[in-house]
Amino acid sequence: MTEVEEDKLPKSTVTIEEAGAARKKVNVVIPEERIKGKLEEAYNELQRDAVLPGFRRGRAPKRLIEKRFGTDLKNTVKQQLVAEAYTAAVEDNKLNALGDPEIDLAKIELPESGALTLSFEIEVTPEFALPSIEKIQVKRPTLEANEERLNLAMENLRKYFGNWHDSTDPVKETDTVTADVKVASEEGTVIAEQAAVSLQPRAGTIAGVKFDDMGDKLMGATIGSVVTLEGTAPQDHPEEKLREKKIKVDLTIKGVKYQHLPEVNKEFAEMLGFDTVDSLKTDLKERLVTQLEQETKGAMAQQVYRYLLGNTTLDLPAKLSQRQMGNVLRRRATELMERGVPESEIVQQIDALRISSAQQAAVDLRLFFILGKLAEQFNIDVKEEEVNARIAAIAVQYGRRPEKLKGQMSASGQLEQLFLQIRDGKVVDKLLETAEITQVDEKTLAEEFKNLPPLTNIGPNVTGVSHTTPAP
């Protein structure tokens with residue numbers, strides 16, 4: 001059957017209803033004649049190509065084809081009909097849909113007779129008005145590459161190249177602990193077990209539950225001892241059956257390691273490719289200046305984001321989809337990669353973020369829509385060479401080939417997030433061009449930031465240089 005003949009089949013009826021903020025309910029009635037026509041088309045096409053024992057190609061009886069392929073054919077036609085209905089709903093009603101519709105095809109059955117009626121919901125871009133963007137009040141902190149920051153940067157460098165050794169002493173704050181982990185429900189049922197997990201004596205997340213007292217409990221523990229943690233799974237825990245349930249975690253200490261830091265001397269400088277300690281310090285200061293420039297811009301961007309969020313009325317769906325929460329995690333992972341955070345620590349931070357991903361997704365999604373609308377207003381575009389340049393910079397930090405890293409980021413969905421980060425940076429730059437910027441002391445701004453909830457889980461550090469320590 002040709003495409004023109006297909007169009008002669010009775011059309012499905014599609015109606016749209018409001019289903020809450022940024023959601024639409026799509027009601028579809030697919031006429032019996034269209035269902036039969038599509039099935040007939042599918043059977044005829046298969047009959048032309050099917051080869052069954054005892055029959056030449058195209059000569060197998062229709063009843064045998066129905067018996068052999070009937071279930072698969074009906075599933076294929078069902079998918080086509082639903083896809084048609086979705087496309088018609090979006091195109092005919094000019095809906096700016098976000099991702100795929102929420103449809104459980106397994107629960108949809110083609111009727112033996114009569115029309116097929118189905119409903120599904122889709123997320124759409126919300127309608128909202130942008131606030132005034134002229135003369136946004138922004139404070140620019142003065143971040144100096146002073147002696148204190150230089151010493152901290154050197155200390156971080158020593159930690160990066162430090163050697164780890166086994167210890168038999170009680171756990172100290174700077175140690176790393178290896179433990180067997182057992183997670184159990186309130187009733188004592190074992191939920192998960194994992195051997196030889198590396199932990200730091202500080203607040204941390206295990207099995208999607210944050211334990212603020214983990215550091216205190218681990219401090220002073222010795223090899224062979226068992227540290228018990230008790231907590232409650234959050235309301236948006238990935239495992240629905242665990243939500244708001246109490247859980248107990250037993251940490252059986254199997255090993256303790258301490259780190260020996262190298263001395264800052266000529267040998268250390270030469271190992272890093274410098275002739276003298278002074279030349280190493282000079283290079284470190286230059287890099288620190290660049291980092292502080294980035295943190296200054298980050299602090300200003302945070303203020304712009306707060307202004308946009310605080311002055312924009314934008315309603316989101318009551319229930320954010322898993323897709324949006326997944327985007328939050330991918331974006332955070334991309335931001336951490338740009339900062340050169342060791343991959344082992346990225347995994348830990350992303351696991352911790354899963355706890356609050358629903359709340360964070362709401363903030364991120366509002367910013368996504370606001371910045372997207374501003375990008376359209378400013379005609380901002382991101383070129384492929386800009387993305388490639390950012391990937392190359394990340395690849396250098398991890399010692400990888402840019403093309404391989406790009407492939408990995410594309411497969412994980414991080415490439416799209418990197419594109420958005422570059423776009424958002426351009427939007428902020430544009431807004432700062434007309435902003436009223438006031439120079440302030442970093443302590444003044446830090447005091448203001450201290451009492452505000454973070455917009456992102458890895459926001460700018462306006463009180464000191466961020467640092468990470470690689471796992472042993």
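Crowding of Lys426 atom NZ: a count of heavy atoms from other residues, nucleotides or ligands under 6.0 Å exceeding 12. The environment of CD in Glu436 is crowded: more than 12 heavy-atom neighbours from other residues, nucleotides or ligands sit within 6.0 Å. Applying the 6.0 Å contact sphere to CD of Gln421 captures more than 12 heavy atoms from other residues, nucleotides or ligands. Under a cut-off of 6.0 angstrom, the local environment of CD in Glu384 is sparse, with at most 12 non-hydrogen atoms contributed by other residues, nucleotides or ligands.
No hydrogens or angles considered: nothing links the side chains of Glu134 and Ser132 as a donor-acceptor pair under 3.5 Å. A side-chain N or O of Gln291 and one of Glu295 form a donor-acceptor pair less than 3.5 Å apart.
For the residue pair Asp212 and Lys210, the shortest heavy atom distance occurs at OD1-CE, 3.2 Å. Closest heavy-atom contact between Asp381 and Glu386: O-OE1, 4.0 Å. The minimum heavy-atom distance linking Arg366 with Leu309 is given by the pair NH2-O, 3.2 Å. Shown here for Phe120 and Leu118, the closest heavy-atom pair between the two residues is CD2-CD1, 3.7 Å.
Looking only at distances, a side-chain donor or acceptor of Arg158 sits under 3.5 Å from a matching main-chain atom of Pro262. Using modelled atom types, no side-chain atom of Glu17 and backbone atom of Val26 make a donor-acceptor pair closer than 3.5 Å.
Within the 4.5 Å cutoff, side-chain heavy atoms of Pro111 are placed close to those of Ile35. With contacts defined as side-chain heavy-atom distances shorter than 4.5 Å, the pair Tyr305/Leu431 does not qualify. Using a 4.5 Å cut-off on side-chain heavy atoms (C-beta onward), Leu280 and Asp275 make no contact. Using a 4.5 Å cut-off on side-chain heavy atoms (C-beta onward), Asp429 and Phe378 make no contact. Contact check for Gln414 versus Gln408: no side-chain heavy atoms found under the 4.5 Å cut-off.
The pair Arg23-Glu121 meets the salt-bridge criterion, with a side-chain N (NZ, NE, NH1 or NH2) lying under 4.0 Å from an Asp/Glu carboxylate O. Taking the charged nitrogens against the carboxylate oxygens, Lys285 and Glu144 have no contact shorter than 4.0 Å, which rules out a salt bridge. A salt bridge is defined here as a Lys NZ or Arg NE, NH1 or NH2 lying under 4.0 Å from an Asp or Glu carboxylate O, and Glu18 with Lys25 fails to meet this definition.
Phe161 and Phe268 have perpendicular rings, their planes meeting at more than 60° on a 0 to 90° scale where under 30° would count as parallel.
Geometrically, Lys373 engages Phe128 in a cation-pi contact defined by less than 6.0 Å to the ring centre and at most 45° from the axis.
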Does the side-chain hydrogen bond (donor to acceptor under 3.5 Å, both in side chains) test come out yes or no for Gln439 and Thr142, once each step is laid out?
CA-CA 7 Å; Gln439 199 81 16; Thr142 303; 3.1 Å; yes

